[in-house]
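Structure, as structure tokens:
Numbers here are sequence positions counted from 1. What you are looking at is a predicted structure, and each value in this text was computed from that prediction instead of being measured. All values below come from the heavy atoms of this structure, side chains included, with hydrogens, waters and symmetry mates left out.
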Amino acid sequence: MKNAVIGNNKQKANLIVLGAVPRLLYLLQQETSSTELKTECAVVLGSLAMGTENNVKSLLDCHIIPALLQGLLSPDLKFIEACLRCLRTIFTSPVTPEELLYTDATVIPHLMALLSRSRYTQEYICQIFSHCCKGPDHQTILFNHGAVQNIAHLLTSVSYKVRMQALKCFSVLAFENPQVSMTLVNVLVDGELLPQIFVKMLQRDKPIEMQLTSAKCLTYMCRAGAIRTDDNCIVLKTLPCLVRMCSKERLLEERVEGAETLAYLIEPDVELQRIASITDHLIAMLADYFKYPSSVSAITDIKRLDHDLKHAHELRQAAFKLYASLGANDEDIRKKIIETENMMDRIVTGLSESSVKVRLAAVRCLHSLSRSVQQLRTSFQDHAVWKPLMKVLQNAPDEILVVASSMLCNLLLEFSPSKEPILESGAVELLCGLTQSENPALRVNGIWALMNMAFQAEQKIKADILRSLSTEQLFRLLSDSDLNVLMKTLGLLRNLLSTRPHIDKIMSTHGKQIMQAVTLILEGEHNIEVKEQTLCILANIADGTTAKELIMTNDDILQKIKYYMGHSHIKLQLAAMFCISNLIWNEEEGSQERQDKLREMGIVDILHKLSQSPDSNLCDKAKTALQQYLA
């Protein structure tokens with residue numbers, strides 16, 4: 001059987017259909033079977049698992065994993081190695097749930113104990129760990145069972161395969177995990193610290209796979225806060241190594257992994273972004289990611305070419321990700337990226353690709369570049385980026401919507417020439433729809449974009465926003481549990497209520513509800529920023545001609561303004577002062593009656609007190625207000 005199935009998928013499938021698996025598993029578990037027989041069974045099962053994904057499914061359905069794990073309790077090393085080899089093959093298949101390794105709590109400690117048996121147990125167990133460690137829960141289990149101590153010394157093993165699998169283990173253990181990363185920094189192996197060992201492993205004379213994986217380890221430790229971003233091992237070793245991986249001499253997978261890891265490394269740090277942007281002409285080198293998937297030297301291999309054409313979209317995704325990270329903060333880098341041949345066209349094409357991952361990366365890249373005022377005014381306009389963006393927003397998965405709507409916020413800033421055409425293409429309805437999303441990030445972006453849209457806008461746009469959003473939805477957003485949503489909604493209200501005719505118009509139709517909302521927020525348990533924004537909205541209302549009366553006839557609101565004038569927080573006192581100044585301003589009709597009413601409330605006394613305030617801003621405002629009474 002063994003000789004029939006090796007390298008022959010058809011024969012593997014035949015044997016599985018004929019019911020060989022349950023029989024092999026039966027012999028494997030029979031106490032009367034000799035160790036040789038059990039070992040041969042494990043080898044055949046391992047060979048069957050090397051076939052297609054369907055083969056692996058058939059093996060899983062026959063409960064092969066518990067049987068093999070049971071086999072690891074045998075005293076015989078050859079049999080243990082055969083079971084581990086088969087387990088390795090099954091666990092590295094995408095159809096196997098990782099959880100199966102963790103169901104029985106005795107398995108992990110037993111595997112740790114088997115690490116010392118032979119270089120094969122070391123290789124297979126490390127490979128199983130690195131494939132089955134997905135997320136913080138798994139990292140914690142492995143860490144608590146001594147993975148770091150047990151695997152560290154394998155980095156100096158004589159076997160390349162063992163060193164490589166140990167390295168992979170550390171990369172998955174350290175990923176986004178400060179606890180593991182902080183531990184790794186201080187681990188000694190043969191008198192050398194782990195980071196120094198990783199640095200040796202990413203030197204140019206080492207195999208590419210080893211360079212890449214050690215660069216990943218150092219990157220993840222750096223992002224988890226265990227190594228500083230200005231440490232030499234990052235700036236002079238890890239970063240240049242990852243840039244080397246992006247060159248067109250490398251294989252497609254290496255270029256993809258190199259670019260994605262580099263994007264992750266430099267994402268939060270502007271200094272690393274600057275260094276990367278001038279290393280080996282990286283920005284121009286990435287332009288090749290859009291051209292030909294294979295390097296010229298590899299084209300002799302037809303199979304390779306076919307594979308690369310199928311996976312070319314991964315290169316584009318990686319390039320977009322890296323451009324997004326490079327341009328996250330620095331204006332000059334953004335300019336360089338945009339000036340790279342046909343870059344804007346490539347991104348715009350990326351927005352409509354069939355692969356969701358490429359679309360997401362393209363939107364992220366555009367979003368990163370849209371943080372630039374100059375680019376919004378020039379390149380974004382020349383390429384009418386808003387058109388494909390509006391299309392992306394029609395029916396995209398949430399993760400794309402979040403980034404695309406963030407970018408729309410930037411395109412709707414008042415200095416952006418795209419603002420007009422976006423409005424004409426039905427953006428108001430689209431954004432009002434986003435404010436009803438279950439996802440808080442989408443609600444924030446929807447309302448944020450509307451806030452930008454309403455800034456210094458004409459009356460018609462403001463009326464459109466209010467009509468599409470509906471007052472019910474506006475007030476629902478004002479009681480949203482997400483603080484960002486609440487702040488942006490107040491910002492929207494403040495922008496709607498600016499310039500006198502607009503204030504009077506909106507307050508004449510929605511005044512009652514707006515005053516109710518303001519009262520509710522000033523009475524609620526909200527932070528200083530929220531209350532300050534709300535008082536600023538009141539100050540805007542107080543600036544209206546007819547809208548003033550809604551405040552003057554509302555004693556409850558007047559008492560609240562008075563209360564905030566005497567508040568312990570300067571920001572709130574200043575905001576309340578604005579309300580009062582707007583109400584008592586002399587040149588306006590009815591100012592005498594308003595002044596008298598506020599005097600009766602004791603406002604003048606408070607103004608006198610505030611005119612002695614140590615805060616110069618507050619003191620000036622109070623004096624100016626008192627002058628209105630004297631004029």
Would you say [X]'s side chain and [Y]'s backbone share a donor-acceptor pair under 3.5 angstrom?
X: Asn452; Y: Leu413; value: no
X: Asn582; Y: Ala539; value: yes
X: Lys597; Y: Met552; value: yes
X: Asn540; Y: Ser498; value: no
X: Ser355; Y: Val358; value: yes
X: Lys562; Y: Met601; value: yes
X: Glu353; Y: Thr349; value: no
X: Ser405; Y: Val402; value: yes
X: Ser470; Y: Leu466; value: no
X: Gln139; Y: Val172; value: yes

Decide, yes or no, whether a salt bridge links [X] with [Y] under the criterion of side-chain N to carboxylate O below 4.0 Å.
X: Asp605; Y: Lys609; value: no
X: Asp330; Y: Lys336; value: no
X: Lys335; Y: Glu339; value: yes
X: Glu257; Y: Lys216; value: yes
X: Asp620; Y: Lys623; value: no
X: Glu523; Y: Lys560; value: yes

Exercise for the section: Run the numbers on Thr534 and Leu538 for side chain to side chain contact (heavy atoms under 4.5 Å, CB included), then give the verdict. Expected result: CA-CA 6 Å; Thr534 311; Leu538 265 183; 5.8 Å; no
For the student: nearest non-hydrogen atoms of [X] and [Y], plus distance:
X: Met453; Y: Ala427; value: CE-CB, 4.0 Å
X: Cys132; Y: His138; value: O-ND1, 3.1 Å
X: Gln595; Y: Gln628; value: NE2-O, 3.3 Å
X: Pro136; Y: Thr140; value: O-OG1, 2.8 Å
X: Ala174; Y: Met221; value: CB-CG, 4.3 Å
X: Ala625; Y: Met577; value: CB-CE, 4.2 Å

Problem - Step-by-step salt bridge (charged side-chain N to carboxylate O under 4.0 Å, His left out) determination, Lys571 to Glu529 - result: CA-CA 9 Å; Lys571 276 184 171 175; Glu529 279 68 31; 3.6 Å; yes
Practice task
Kindly check if the number of other-residue, nucleotide or ligand heavy atoms within 6.0 Å of CH2 (Trp448) is above 12?
Solution key: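 No - once you tally the heavy atoms of other residues, nucleotides and ligands closer than 6.0 Å, there are 12 at most.
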Handout entry: Qualifying residues under side-chain hydrogen bond (donor to acceptor under 3.5 Å, both in side chains), relative to Thr229, sequence neighbours excluded
Key =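 So Thr229 forms a side-chain hydrogen bond (donor to acceptor under 3.5 Å, both in side chains) with Asp269.
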Any heavy-atom pair between the side chains of [Y] and [X] that's under 4.5 Å?
X: Arg359; Y: Leu351; answer: no
X: Leu535; Y: Leu522; answer: yes
X: Ser406; Y: Arg364; answer: no
X: His502; Y: Leu497; answer: no
X: Tyr564; Y: Gln573; answer: no
X: Arg316; Y: Arg346; answer: no
X: His608; Y: Leu626; answer: yes
X: Leu262; Y: Leu282; answer: yes

Practice task
Check Leu483, Ile521, Leu490 against His526 for a side-chain contact (heavy atoms from CB on, under 4.5 Å) and give me the one that passes.
Solution key: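 Filter result, single survivor: Ile521.
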Do [X] and [Y] have a side chain donor and acceptor closer than 3.5 Å?
X: Thr553; Y: Glu549; result: no
X: Ser325; Y: Glu267; result: no
X: His367; Y: Ser370; result: no
X: Ser591; Y: Lys548; result: no
X: Gln317; Y: Glu260; result: yes

Problem - Qualifying residue, where the test is side chain to side chain donor-acceptor pair (under 3.5 Å) with Asn329 and the options are Arg334, Arg274, Gln273, Glu271 - result: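 Only one of Arg334, Arg274, Gln273, Glu271 forms a side chain to side chain donor-acceptor pair (under 3.5 Å) with Asn329, namely Gln273.
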Practice task
Let me know which of Thr489, Asp480, Thr435, Asn484 forms a side chain to side chain donor-acceptor pair (under 3.5 Å) with Arg443.
Solution key: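 Single pass found, and it is Asp480.
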Problem - Ring centre gap for Tyr323 and Tyr289 strictly below 6.0 Å - result: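 Centroid separation for Tyr323 and Tyr289: 6.0 Å or greater.
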If you measure from [atom1] on [X] to [atom2] on [Y], what distance do you get to the nearest 0.5 Å?
X: Cys619; Y: Leu610; atom1: SG; atom2: CG; answer: 9.0 Å
X: Ile551; Y: Ile561; atom1: CD1; atom2: CD1; answer: 5.0 Å
X: Thr546; Y: Asp504; atom1: OG1; atom2: CG; answer: 3.0 Å
X: Arg476; Y: Leu469; atom1: CZ; atom2: CG; answer: 9.5 Å
X: Ile422; Y: Leu412; atom1: CD1; atom2: CG; answer: 4.5 Å
X: Leu360; Y: Cys365; atom1: CG; atom2: SG; answer: 11.5 Å

Problem - Intermediate values then yes/no, side chain to side chain contact (heavy atoms under 4.5 Å, CB included), Leu558 and Asp555 - result: CA-CA 5 Å; Leu558 287 172; Asp555 287 343; 4.0 Å; yes
Exercise for the section: With sequence neighbours excluded, tell me which residues meet ring-ring contact (aromatic ring centres under 6.0 Å, His included) with Phe380. Expected result: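 Expected list: none.
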Exercise for the section: Check whether NZ of the Lys or CZ of the Arg Arg223 lies under 6.0 Å from the centre of the six-membered ring of Tyr264 and within 45 degrees of that ring's axis. Expected result: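 Flagged: Arg223 positioned over aromatic ring of Tyr264.
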Practice task
Please work out which of the three classes, parallel, tilted or perpendicular, describes the rings of His569 and His567, given edges at 30° and 60°.
Solution key: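 Answer is tilted, since the angle falls between 30° and 60°.
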